[in-house]
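Since the structure comes first, as structure tokens, the remarks are kept for the end.
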Amino acid sequence: MQRVRIRLENISKSYYSETAVTQALRKVNLSFSEGEFIAITGESGSGKSTLLNIIGGLDSFDDGEMFIDGEPTFQYDDNDWEEYRQRKIGYIFQDYSLIGHYTVLDNMLSALFIMGYERQEAEAIALGYLEQVGLREYVEHKANELSSGQKQRLSIARALAKNTGIIVADEPTGNLDSETGEQIIRLLKEISRNRLVIMVTHNYDQAESYVTRKIRIHDGEVISDVKSGRGEGATEADVAEENKVVVDRRQANTKGRGFAGQLKLASYFARRNVTTLPGRSILFTVFLFMVGVVSFLFIGELFMNKDDIFTKEYSQKGFYHMDDTRLVVKKTDGSAFTQADIDRIADVRNVTVVDSCDFANDINYYLIENRDYEYLYGNRRKGEEKTKVVSFLNEEHFMRSVDCINEEALAEGRLPEARNEIVLYSEDSFLIGQKLLCYFTANNIWDSGEYYQTELVITGLLREETEQVYFTKELCSMLSMHVDSGVYRLYYAYDFSKQDYELKPEVIPVVADDLSGNTVRISHRFENPVAGPVLFHFNDKDLEGNLSEESVEVEVNVLAEVNQSTCDFMEVSKEFYDTYYDKESYQASVYITSYAKTDRVIRDLADKGYEAISIYRTSVTDYVDALVYERLTLIAISAGVLIALFLAEILILKSLMKIRMKDYYVLKFIGMKMQALKKISYFELAICCAVAVVLTIVTMWILRFIGVSFICEMMWYYHLGAYVTFILYNFLLAAFTAAAFNHLLKGRLNA
Ligand code: ADP
Ligand code: MG
């Protein structure tokens with residue numbers, strides 16, 4: 001007698017439903033040995049499948065004990081049962097338990113990979129068995145495209161391929177024609193020579209001549225158990241010879257899979273699932289993509305709102321021109337800007353424009369009557385003469401020098417060269433050479449409401465439509481002349497009313513071409529100007545703005561007439577201007593792509609030897625309650641949406657994944673360990689998530705390049721940290737979904 005493999009001792013099993021208790025097995029005592037080929041018969045519902053499932057380790061029993069190779073199983077844990085199913089049992093299912101969306105070959109490989117075979121070997125084994133069951137030419141067919149007979153044969157081939165010591169088969173020939181059925185029974189017979197084969201059959205006649213033993217079950221009880229003489233009759237050698245069956249003699253000697261092996265296995269199934277269920281994968285990816293887009297926007301929103309500067313009030317005291325993309329830059333060594341500096345700064349990442357004439361960037365200009373300014377007429381109180389006062393309508397335009405553009409920006413004409421030349425945008429060529437009356441005000445650096453007036457000539461037209469007009473550096477530097485930049489500059493102060501030199505508010509020298517030598521003309525702001533020669537006193541200022549000891553005295557001829565400008569403007573000759581004023585620029589305006597890049601650009605400039613500040617930051621003061629509130633609301637909404645999205649996704653994806661629950665049963669039954677099984681969903685969701693994340697980022701960049709303004713603005717805040725947050729968020733979500741699903745899976749599979 002060969003060794004006993006399975007022994008059942010008083011095994012009982014009941015199924016409990018809400019309405020009834022069914023006792024499927026009652027005190028069954030049986031033992032099965034190697035070399036036996038057993039047929040179990042009995043009417044439907046008698047408990048045959050239940051018995052087989054218990055033997056196969058697929059189901060638990062309530063009472064009694066099952067011994068495997070002489071060992072009791074009462075202390076078996078999940079892992080032991082997994083080992084048992086994987087190593088010792090080949091199961092042929094009544095319902096085939098195939099993975100329908102896998103190919104025939106993949107169904108075979110699944111079982112072999114689970115056992116630890118490598119691809120090449122597994123494929124050879126699989127093809128051998130498929131050949132035997134007549135499915136060789138169906139390897140690439142999907143399992144659910146097969147007929148039921150073919151499915152049955154695949155299920156058999158899969159069980160045999162595992163080459164286990166025990167094969168259990170639940171009505172393996174139920175769906176086969178008698179010829180194939182008999183062939184399969186012969187095959188099982190041959191295999192049973194050094195194995196144990198237990199088969200449930202409803203067609204005992206067919207099996208009669210092969211089986212060694214017949215067990216009859218009725219109502220959960222064994223009612224007969226007889227050795228079959230005929231089965232012993234046919235020698236195994238005869239059968240093998242007759243059917244030319246190739247029997248697998250290999251030993252199941254593959255080692256179990258370690259952690260790395262489990263990962264490999266899970267990734268194989270995940271990739272299979274993704275490719276064989278394209279509809280489901282696309283659904284997942286689309287869903288994850290939607291989550292990706294929403295989370296991208298809200299994470300962007302969070303990062304945008306991180307900087308609380310936007311909740312503060314902008315004060316125009318320091319810099320009149322409110323522009324959050326402007327930085328003010330000085331050289332660390334305090335020296336004047338050169339063209340090389342401008343080029344170097346222009347090369348810094350995220351810098352768009354450099355204007356070496358910083359102060360002019362806060363000076364408003366007014367070109368067009370009735371749009372930028374209008375005249376108001378009135379009578380003076382003293383005397384009856386009519387006066388003309390300029391009223392400004394528009395404070396949106398600020399000076400920029402030609403530093404900001406080059407020849408390529410022009411559609412026609414040339415860049416301005418002489419002090420009184422400008423370029424602007426227009427489609428009317430005739431404008432070139434035309435003169436414009438132009439006013440300038442600087443609300444923070446000149447006295448408010450005061451202006452300088454001059455006539456400018458258009459020398460060129462810009463290509464791109466813009467309201468910006470570009471002036472010469474000479475004009476820009478002239479109009480910002482009295483601005484105390486704390487650098488060396490000839491400096492003078494003459495108090496006309498006191499007719500004395502004193503350090504009083506400075507006067508802005510503007511060049512008038514009709515003057516020469518030391519002749520000056522002062523503005524009409526000085527009501528009773530003294531005509532004739534006066535002494536002007538020029539001092540050097542040091543870096544701290546203190547006057548130096550040395551000074552220069554110059555005799556100046558003040559004209560009796562006054563100029564049209566209203567402020568402390570004094571018209572001087574070009575010669576005078578060039579002699580006594582330092583026209584170098586020590587401070588530049590730098591414009592960057594977005595406020596979001598402020599810190600980065602300031603850092604980069606510091607590395608190159610420039611000190612920079614954000615005019616926006618230095619000019620914002622008190623908090624604006626409404627804005628703070630709005631901002632906090634946005635942050636709260638964003639955070640809330642992200643959390644809600646998190647929960648919603650876990651619920652929705654989990655239930656979507658549930659649809660394929662059956663596949664997991666199959667994998668479990670053919671011996672896959674829970675540990676490996678659980679990893680499949682992680683891999684699967686990781687694949688979909690990776691695709692969705694990439695899709696989201698690509699979409700956002702496309703939208704940005706198309707120019708969706710709100711996306712553009714947000715994308716400036718997408719630096720590395722934001723991307724990392726976004727990617728982490730999405731992958732964490734996928735991981736939590738997989739974990740939630742696995743939790744459900746574990747509950748179901750162990751039930
Ligand atoms: P057979 O395979 O001989 O047709 P089964 O072993 O499948 O019989 O079933 C034995 C009895 O147990 C039947 O009455 C069946 O209805 C019941 N049964 C089987 N499986 C379950 C289950 N999962 N839940 C409840 N009852 C079950
Ligand atoms: Mg059954």
Side-chain angles (χ1 to χ4, degrees), residues 6 8-30 32 37-66 78 81 85 89-98 148-149 151-156 158-159 166-176 181 184-185 188 196-208 211 213-226 658 661-670 744-751:
I6 304 281
L8 305 178
E9 213 178 75
N10 288 325
I11 292 285
S12 293
K13 168 82 182 174
S14 296
Y15 289 109
Y16 300 90
S17 68
E18 275 173 26
T19 50
V21 179
T22 316
Q23 187 152 30
L25 292 177
R26 303 162 200 266
K27 295 195 178 297
V28 171
N29 286 287
L30 284 170
F32 306 103
F37 184 11
I38 297 143
I40 298 176
T41 63
E43 59 267 38
S44 174
S46 56
K48 306 183 295 295
S49 294
T50 307
L51 179 65
L52 227 51
N53 285 346
I54 287 172
I55 294 170
L58 307 185
D59 211 342
S60 58
F61 44 90
D62 310 328
D63 243 331
E65 179 63 308
M66 170 160 123
D78 288 349
W81 285 117
R85 282 194 297 269
I89 294 290
Y91 208 113
I92 300 166
F93 298 89
Q94 194 170 9
D95 68 350
Y96 329 121
S97 288
L98 301 171
S148 22
K151 284 180 183 163
Q152 184 73 281
R153 281 184 275 157
L154 176 55
S155 169
I156 292 165
R158 184 179 59 186
I166 303 169
I167 303 268
V168 284
D170 201 349
E171 308 212 4
T173 59
N175 291 303
L176 301 181
I184 292 301
I185 289 176
L188 291 174
L196 164 62
V197 178
I198 306 168
M199 172 177 75
V200 165
T201 179
H202 64 285
N203 186 358
Y204 179 68
D205 294 345
Q206 188 185 38
E208 195 172 11
V211 297
R213 184 173 161 195
K214 181 187 178 188
I215 294 170
R216 217 180 135 69
I217 297 188
H218 177 75
D219 205 9
E221 278 176 307
V222 176
I223 55 164
S224 87
D225 182 356
V226 290
K658 239 160 72 179
M661 197 63 119
K662 187 179 161 271
D663 295 349
Y664 292 93
Y665 282 104
V666 173
L667 292 175
K668 178 192 169 180
F669 293 162
I670 61 177
L744 177 96
L745 186 69
K746 193 161 185 245
R748 292 279 180 92
L749 291 187
N750 289 343

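Read the numbers this way: they start at 1 and go in the same order the structure lists the ligands and their atoms. In this chain, numbering begins with 1 at the start of the sequence shown.
Ranking protein heavy atoms by distance to atom 4 (O) of ligand 1, first place goes to Gly45 N, 2.7 Å. Among protein heavy atoms, atom 2 (O) of ligand 1 sits closest to Ser49 OG, 2.7 Å. With hydrogens left out, the protein atom closest to atom 14 (O) of ligand 1 is Thr22 CG2, 3.4 Å, a heavy atom. Closest protein heavy atom to atom 18 (N) of ligand 1: Tyr15 CD1, 3.2 Å.
Donor-acceptor pairing under 3.5 Å is recorded for the side chains of Gln206 and Thr173.
Not a single heavy atom of Gly42 sits closer than 4.0 Å to an atom of ligand 1.
In this structure the side chain of Leu25 never reaches within 4.5 angstrom of the side chain of Phe61, judged on heavy atoms. By the 4.5 Å heavy-atom criterion applied to side chains, Leu51 and Ile215 are not counted as neighbours.
Distance screen at 4.0 Å: atom 16 (O) of ligand 1 has no protein heavy-atom neighbour inside the cut-off.
The backbone N or O of Ser49 sits nowhere less than 3.5 Å from a side-chain atom of Asp170 that would complete a donor-acceptor pair.
Using a cut-off of 2.8 Å, one finds that Thr50 contributes no N/O/S atom close to the Mg ion (ligand 2).
Not a single N or O atom of Gln94, backbone or side chain, sits closer than 3.5 Å to an N or O atom of ligand 1.
Counting atoms of ligand 1 from 1 in the listed order, those under 4.0 Å from a heavy atom of Ala24 are 10 (C), 11 (C), 12 (O).
Of the charged side-chain nitrogens involved, at least one lies within less than 4.0 Å of a carboxylate oxygen, so that Asp225 and Arg213 count as a salt-bridged pair.
Note on ring orientation: taking the six-membered ring where Trp is involved, the planes of Tyr91 and Phe93 are parallel (angle under 30°, cut-offs 30° and 60°).
In this structure, NZ on Lys662 lies 10.5 Å from CG on Leu667, to the nearest 0.5 angstrom.
In Thr50, the parts holding a heavy atom less than 4.0 Å from any atom of ligand 1 are both the side chain and the backbone.
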